[in-house]
Structure formats: structure tokens, C-alpha cells
Amino acid sequence: MSFAEESQNSAPGNVPANKLGGARKGAEPGQNAAKRLQTELMQLMTSPAPGVSAFPSADGNLLSWRATIEGPEDTPYSGLTFKLSFEFPSNYPYAPPTVLFRTPIYHPNVDFSGRICLDILKDKWTAAYNIQTVLLSLQSLLGEPNNASPLNGEAAELWDNDPTLFKTKVMDRHKDVEDD
């Protein structure tokens with residue numbers, strides 16, 4: 001009996017891995033992301049940071065989350081709450097989530113579609129960051145915009161030159177949004 005015949009006639013359960021639909025080279029796409037996100041959810045629930053929260057969407061998709069940020073004290077956003085969406089790629093945490101403001105916001109680093117200009121969500125992303133890190137960075141950005149790289153040039157100019165008009169525009173733009 002040749003080696004090939006012997007391996008074909010081996011006992012059940014002794015099937016070589018390459019006969020089981022291909023050799024496995026790690027987890028399925030998204031499986032590592034899901035495990036990481038479950039860990040992060042536990043961290044958010046057991047050690048919450050003041051003024052920020054995040055949970056998976058109601059549809060049960062672990063790669064889609066909803067979050068809230070409270071505007072920091074002593075900023076034009078004080079007393080306001082902002083809702084955001086997080087969409088995680090299947091290779092998270094090795095690639096950043098897509099984060100959007102769902103609540104309309106007037107800010108130098110956020111456009112009118114809710115897209116955010118923040119380096120840690122782009123080229124400065126590392127797997128060391130997590131949901132809480134992103135939320136705290138965004139909360140900090142509310143009080144300390146990067147006016148050198150604005151998405152909303154008018155807001156950047158008003159932030160620097162007319163704080164009263166800036167605050168008026170913040171309040172005019174802010175509207176509560178429904179959860180979906």
C-alpha cells in the first residue's frame with residue numbers, strides 16, 4: 001500500500017488539514033475584530049470614562065457601533081451631547097474605524113457630512129488605540145481644534161477671531177438625532 005492510499009484509508013478524524021477545505025492560516029476575517037471589540041465593550045462597561053460611551057448597534061452587528069460624547073466644560077460645546085457612528089473594518093484593530101458625527105456639529109475639523117479630520121483616525125492609527133481612546137481624543141478635539149488643518153475653514157476662522165459668533169453657530173447647528 002502506498003503512502004497516498006494509506007492516508008486516504010486512515011481512521012476517521014485523521015484527515016490531514018489540507019483536506020478540510022484548505023489549511024487555516026488564522027481566524028476568519030472579522031473574527032479577530034469581533035474578539036477585540038467584545039474585549040473593548042467589557043472595558044467600556046467596567047471602566048467607563050466620564051462623558052463618553054459606546055455600544056454595538058441594536059442590530060447585533062459587532063462591527064457597527066453607536067457612541068456619545070458630552071461637550072467638555074469651558075468650551076462652546078459645554079452642555080451638548082453628540083452622537084457618533086463607528087464602522088469597524090474586518091481587520092480592526094490593524095485599521096482604524098470609520099467614525100462620523102451623526103449629530104450636526106459646527107467645528108473646524110468636522111465637515112457638514114459628519115466626517116472628521118483627526119490624524120489618529122487616518123495615518124497615525126495604531127492597534128494600541130481603542131474605542132475609548134478615539135472617543136476621548138474626539139472630546140479633546142472639541143475644545144482644542146486643529147485650525148491648521150480645518151475641514152470647515154469658516155469655523156476655524158471664527159474659532160480664532162469671533163468666539164461669540166462661533167458659539168451662536170454651534171448652537172444653531174446642534175440638533176438632536178434619533179437612534180436607529
Review point. Do other residues, nucleotides or ligands put more than 12 heavy atoms under 6.0 Å from the CD atom of Q43?
Key: yes
Practice item. Count the heavy atoms of every other residue, nucleotide or ligand shown that sit under 6.0 Å from CG of D123, and state whether that count exceeds 12. Key: yes
Review point. Are L142 and V177 in one and the same hydrophobic cluster, where Ile, Leu, Val, Met, Phe, Trp and Tyr link if side-chain heavy atoms are under 4.5 Å apart?
Key: no
Exercise for review: Go through the steps for S64 and E87 under the test side chain to side chain donor-acceptor pair (under 3.5 Å), then give the verdict.
Suggested key: CA-CA 5 Å; S64 180; E87 299 297 329; 2.9 Å; yes
Review point. Heavy-atom count around Y94 OH within 6.0 Å, excluding the residue itself: above 12?
Key: no
Exercise for review: Without swapping roles, check the side chain of D162 against the backbone of L158 for a donor-acceptor pair under 3.5 Å.
Suggested key: no
Exercise for review: Mind checking the OG-CD spacing from S137 to Q132? Nearest 0.5 Å is all I need.
Suggested key: 10.5 Å
Review point. For L136, does its backbone N or O pair with a side-chain atom of S140 as donor and acceptor, under 3.5 Å?
Key: no
Point to revise | Verdict with supporting geometry, T68 and V52, side chain to side chain contact (heavy atoms under 4.5 Å, CB included) | key: CA-CA 6 Å; T68 59; V52 300; over 6 Å; no
Exercise for review: Could you pull out the closest heavy-atom pair between Y92 and N130, with the gap in Å?
Suggested key: OH-CA, 3.7 Å
Review point. Is there a path of hydrophobic side-chain contacts, each under 4.5 Å between heavy atoms of I, L, V, M, F, W or Y residues, that connects L100 with V110?
Key: no
Exercise for review: Could you label the plane-to-plane angle of the F88 and W65 rings as parallel, tilted or perpendicular, counting under 30° as parallel and over 60° as perpendicular?
Suggested key: perpendicular
Exercise for review: Kindly give the heavy-atom pair with the smallest separation between L44 and A54, and that separation in Å.
Suggested key: CD1-O, 3.9 Å
Review point. Backbone N or O of F101 within a donor-acceptor pair of the R115 side chain at under 3.5 Å?
Key: no
Practice item. Could you tell me the separation between the CG atom of L80 and the CD1 atom of I69, rounded to the nearest 0.5 Å? Key: 12.0 Å
**Study point:** S57 side-chain N/O to D59 backbone N/O, donor-acceptor pair under 3.5 Å
**Key:** no
Review point. Is a side-chain N or O of T75 found less than 3.5 angstrom from the main chain of Y77, in a donor-acceptor match?
Key: yes
Exercise for review: State yes or no: do L121 and L141 share one hydrophobic cluster built from I, L, V, M, F, W and Y residues joined by side-chain heavy-atom distances below 4.5 Å, directly or via other members?
Suggested key: yes
**Study point:** Nearest-0.5 Å distance, NZ of residue K83 to OG1 of residue T103
**Key:** 6.5 Å
Check your understanding: How far apart are the C-alpha atoms of N152 and D111, what are their side-chain angles, what is the distance that settles it, and do they pass the side chain to side chain donor-acceptor pair (under 3.5 Å) test?
Key -> CA-CA 6 Å; N152 181 337; D111 72 12; over 6 Å; no
Check your understanding: Is there a chain of hydrophobic side chains (I, L, V, M, F, W, Y, each step under 4.5 Å between heavy atoms) that links F112 to L151?
Key -> no
Point to revise | Side chains of P97 and W125 in contact at under 4.5 Å (non-hydrogen atoms) | key: yes
Study note, to complete from the structure: side chain to side chain contact (heavy atoms under 4.5 Å, CB included) test vs L138 passes for just one of T133, V99, I120, N109, namely V99
Practice item. Treating Ile, Leu, Val, Met, Phe, Trp and Tyr as nodes and any side-chain heavy-atom pair under 4.5 angstrom as an edge, say whether L135 and L62 lie in one connected cluster. Key: yes
Review point. Backbone N or O of T81 within a donor-acceptor pair of the E70 side chain at under 3.5 Å?
Key: no
Review point. Shortest non-hydrogen contact from P76 to V170?
Key: O-CG1, 3.7 Å
Practice item. Using modelled atom types only, decide if a donor and an acceptor are shared between the side chain of S85 and the backbone of R66 within a distance under 3.5 Å. Key: no
Check your understanding: Can you check whether V134 reaches F86 side chain to side chain, under 4.5 Å on heavy atoms?
Key -> yes
Exercise for review: Determine, using ring centers only, whether F82 and H174 are less than 6.0 Å apart.
Suggested key: yes
